[in-house]
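Let me begin by handing over the structure; questions about it come next.
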Amino acid sequence: MYIVYGVLFMDFIIPPEPKILKQQSDKEENKKWDIDTLTIWFGNKLPSYLWGEGGWSKPLKSMGYNWQSFLKILSLHKKEMIKLSRNKISWKEFLLKIEETIKDPVFKQILTG
């Protein structure tokens with residue numbers, strides 16, 4: 001269990017929000033076509049941030065997840081990623097939704113076999 005920024009978050013550190021990724025998404029909003037999903041997923045920047053700098057790889061690996069299964073989990077949260085990029089949900093809300101999926105025994109069984 002970790003206590004980060006005064007918040008209890010079961011097995012995962014709550015890393016600082018990667019503001020640079022949101023700024024990149026904001027710049028793309030001025031274009032005429034909807035590229036939210038492309039912007040968020042391009043280069044796996046948000047997943048890479050959580051997995052590496054965010055410190056999630058160690059607890060995820062200890063739970064039986066790997067990089068590919070983590071990407072599958074995040075793919076289930078595209079709508080939340082878009083809401084995050086549009087400031088419709090907070091960083092903490094976003095991370096809690098991901099954590100719920102990670103800890104769901106059905107998803108865990110499917111993704112870790």
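Just so you know, residue 1 is the first one in the sequence shown, and it goes up from there.
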Would you say that Phe94 contacts Lys83 through its side chain, given a criterion of any heavy-atom pair below 4.5 Å between the two side chains? no

Measure up the Trp51 and Trp67 rings against each other and bin them: parallel (under 30°), tilted (30 to 60°), perpendicular (over 60°). perpendicular

Please determine whether a side-chain nitrogen of the Lys or Arg among Glu99 and Lys103 lies less than 4.0 Å from a carboxylate oxygen of the Asp or Glu. yes

OG of Ser48 to CG of Leu50: how many Å apart, nearest 0.5 Å? 9.0 Å

Nearest heavy atoms of Ser75 and Lys78, plus distance in Å: O-CG, 3.4 Å

Taking every non-hydrogen atom, the tightest pair across Ile102 and Lys108: O-CB, 4.3 Å

Would a 4.5 Å heavy-atom cut-off, applied to side chains only, mark Trp56 and Ile98 as touching? yes

Hydrophobic clusters here meaning ILVMFWY residues chained together by side-chain heavy-atom distances under 4.5 Å, can you tell me if Leu71 and Tyr49 are in one? yes

pair Trp91-Pro18: side-chain heavy atoms closer than 4.5 Å: yes

Report the distance from atom CD1 of Ile89 to atom NZ of Lys97, rounding to the nearest 0.5 Å. 7.0 Å

pair Lys92-Leu96: side-chain heavy atoms closer than 4.5 Å: yes

Gln109 side chain to Val106 backbone, donor-acceptor under 3.5 Å: no

Any chance you could measure Lys58, atom NZ, to Lys61, atom NZ, to the nearest 0.5 Å? 10.5 Å

Going by distance alone, is a donor N or O of one side chain under 3.5 Å from an acceptor N or O of the other, for Asn66 and Ser69? yes

Side-chain heavy-atom pair Leu74, Met81 within 4.5 angstrom cut-off: yes

So how far is it from Glu17 CD to Leu46 CG, rounded to the nearest 0.5 Å? 9.5 Å

Taking the side chain as everything from C-beta on, heavy atoms only, tell me whether Leu111 gets closer than 4.5 Å to Phe70. no

Are Pro15 and Leu95 side-chain neighbours, meaning at least one heavy-atom pair lies under 4.5 Å? yes

Glu100: what forms a side-chain contact (heavy atoms from CB on, under 4.5 Å) with it, not counting sequence neighbours? none

Does Phe107 have any ring pair (Phe, Tyr, Trp, His ring centres under 6.0 Å) partners at least two apart in sequence or in another chain, and if so, which? none

